[in-house]
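Have a look at the structure below before the remarks.
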Amino acid sequence: MAAVLVVEARSKLNGLDLEIALSVGSGECLAIAGPSGAGKTSILRIAAGLLRPHAGRVACAGDVWLETERGIDLVPERRHCGYLFQDFALFPNMSALGNVAFPLSKLGRRERGSRALELLDRFGVAHLADANPRTLSGGERQRVALARALARRPHALLLDEPLSALDSRTRAGAARELSQVLSEVEVPTLLVTHDFLDAAELGDRVGVIDGGRVIQEGTASELAARPRTAFVADFTGAVVLTGIARPDGDVTIVDLDGGGTIVSTDRASGPVAASVYPWEIEIGSSGAEHGGSARNHLVCEVHSITVVGNRVRLGLAAGQELVAEVTRSSVETFGLRVGARVTASWKAAATRLVSR
């Protein structure tokens, strides 16, 4: 039977009303992304049997792990899942090999060691089998922890912020390696993270959670292109501007709070949140004539310039806050500096509208 993980739960947790219903297919990774306190880790703890909801059901591969109506609540040891903790939680008194072998206590000593070494080799750290976890780098600890999570050949894999404990130098490589591993694992994977970019890179589907509820689910590109709420737009990295929409022929005009107007090809009326992604915004001189197909033009003041790799993020003020992402050459061409007046331009088709 193909392993499908189902997690349904309703519970009150420290003032948070958690209400979720998730289903993850075999070989699929569902990444739940949201801010701190939204209920992400609680979902994993419910699935693993570390937290009992007031009402709910957890099932995987045809086995029921939790069903509150029938009084079923298997202890964590009987739920056939692998759990990767946020801090990796490796046993400091055991070697890397000992950590991976630990869940295999039912096997003979030789078979246990062979299976553990095989997993370490799969993740490229077999040469560290005798090493103490304290001596390993963040990326190495992650790989050992992931090997341990897979040791019992689980029916489901649960990952709690798998990249958050890594430094910036390790993070990119570890993300690529983890993505490759998840593409090979033939079980449902439920992953939680506070970072939408991590969710987009690791998840086949992404669910955005806020206040204990998944408010939108789909591919990362679907969420970014068609956010249903201002929160989703903001969380996925968009600039969000508020205003009042009014239809005008084949477009919608939005009178922005704080002054100015923009245009969208979306249809809307009344209070709206308009979103556009920073890389869709072009920067020009404030007094220049507007060419091209962009229909939105706001005169702004530059209030911050931040270099991020080979790109530059501009913090802009125009009644409301905006962020534009441009090349370094653009900064030099326009002589951009804090306090400079510029025009931010973008297309009507790049402007998404959601009701407020």
Taking ring-ring contact (aromatic ring centres under 6.0 Å, His included) as the definition, give me every residue that meets it alongside [X], ordered by chain and number, with sequence neighbours left out.
X      : answer
Phe196 : none
Phe123 : none
Phe334 : none

Ion pair [X]/[Y], N-O distance below 4.0 Å:
X      : Y      : result
Arg57  : Glu8   : no
Arg267 : Asp250 : no
Glu184 : Arg122 : yes
Glu19  : Arg10  : no

Is a donor on one side and an acceptor on the other found under 3.5 Å between the side chain of [X] and the backbone of [Y]?
X      : Y      : result
His155 : Arg79  : no
Glu332 : Ser329 : no
His54  : Lys12  : yes
Ser355 : Val272 : no
Glu28  : Gly25  : yes
Asp255 : Thr261 : no
Glu301 : Gly339 : no
Arg213 : Asp17  : yes
Tyr83  : Leu44  : no
Glu325 : Val312 : no

Can you tell me how far [atom2] of [Y] sits from [atom1] of [X], rounded to the nearest 0.5 angstrom?
X      : Y      : atom1 : atom2 : answer
Phe235 : Thr229 : CZ    : OG1   : 11.0 Å
Arg313 : Arg311 : CZ    : CZ    : 10.0 Å
Leu119 : Asp121 : CG    : CG    : 9.5 Å
Leu298 : Gln320 : CG    : CD    : 9.5 Å
Cys29  : Leu157 : SG    : CG    : 8.5 Å
Leu202 : Leu159 : CG    : CG    : 8.5 Å

Going only through I, L, V, M, F, W and Y residues with side-chain contacts under 4.5 Å, is there a path from [X] to [Y]?
X      : Y      : value
Ile305 : Leu322 : yes
Val342 : Val331 : yes
Leu50  : Val7   : yes
Ile215 : Val206 : yes
Val354 : Ile244 : no

Would you name the heavy atoms of [X] and [Y] that are closest together and state the gap between them?
X      : Y      : answer
His303 : Val338 : O-CG1, 4.0 Å
Leu163 : Ala175 : CD1-CB, 3.7 Å
Ala151 : Val100 : CB-O, 3.6 Å
Val240 : Ala273 : CG1-CB, 3.9 Å
Ala238 : Pro278 : CA-CD, 4.4 Å
Val192 : Pro162 : O-CD, 3.9 Å

Margin query: Please determine whether side chain to side chain contact (heavy atoms under 4.5 Å, CB included) holds for the pair Arg115 and Arg153, giving the CA-CA distance in whole Å, both sets of side-chain angles, and the decisive distance to 0.1 Å.
Written below: CA-CA 11 Å; Arg115 168 71 176 155; Arg153 295 186 173 90; 3.3 Å; yes

Are side-chain heavy atoms of [X] and [Y] found at a separation under 4.5 Å?
X      : Y      : result
Trp279 : Val326 : no
Leu223 : Val208 : yes
Val251 : Arg295 : yes
Leu256 : Thr242 : no
Leu97  : Leu117 : yes
Ser164 : His194 : yes
Val24  : Thr189 : no
Ile283 : Thr343 : no

Next item on the list: Report yes or no: do Ser345 and Asn296 form a side-chain donor-acceptor pair below 3.5 Å?
Entry: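 Not at all, the side chains of Ser345 and Asn296 share no donor-acceptor pair under 3.5 Å.
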
Next item on the list: Examine the side chains of Thr333 and Ser330 and answer whether a donor and an acceptor come within less than 3.5 Å of each other.
Entry: no

Note to self: Can you confirm whether more than 12 heavy atoms, excluding those of Glu201, are under 6.0 Å from its CD atom?
What the structure shows: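 Yes, enclosed.
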
Note to self: Checking Val263 against Val254 for the side chain to side chain contact (heavy atoms under 4.5 Å, CB included) test, could you report, in this order, the C-alpha distance in whole Å, the side-chain angles of both residues, the deciding distance, and whether it holds?
What the structure shows: CA-CA 6 Å; Val263 178; Val254 180; over 6 Å; no

Margin query: I need the full list of side-chain hydrogen bond (donor to acceptor under 3.5 Å, both in side chains) pairs touching residues 38-49, with sequence neighbours left out, sorted by first then second residue.
Written below: Thr41-Asp160

Next item on the list: Enumerate the residue pairs fulfilling side-chain hydrogen bond (donor to acceptor under 3.5 Å, both in side chains) with a member in residues 123-141, sequence neighbours excluded, ordered by first and then second residue.
Entry: Ser137-Glu140

Notebook entry, point to check: Which ILVMFWY residues are connected to Leu107, directly or by a chain of links, through side-chain heavy atoms under 4.5 Å apart?
Noted result: Leu104

Margin query: salt bridge (charged side-chain N to carboxylate O under 4.0 Å, His left out) for Lys347 and Glu280? Distances and angles first, verdict last.
Written below: CA-CA 8 Å; Lys347 296 179 180 180; Glu280 299 277 6; over 6 Å; no

Item checked: Geometric cation-pi criterion Arg148 and Phe91, 6.0 Å radius, 45° cone -> yes

Item checked: Residue pair Leu22, Leu190: steps toward the side chain to side chain contact (heavy atoms under 4.5 Å, CB included) verdict -> CA-CA 9 Å; Leu22 305 172; Leu190 183 58; 4.2 Å; yes

Notebook entry, point to check: Does the salt bridge (charged side-chain N to carboxylate O under 4.0 Å, His left out) test come out yes or no for Asp266 and Arg226, once each step is laid out?
Noted result: CA-CA 11 Å; Asp266 285 359; Arg226 303 295 301 183; 3.3 Å; yes

Check: Which is it for His80 and Cys60 under the side chain to side chain contact (heavy atoms under 4.5 Å, CB included) test, yes or no, and what are the steps along the way?
Finding: CA-CA 9 Å; His80 215 59; Cys60 186; over 6 Å; no

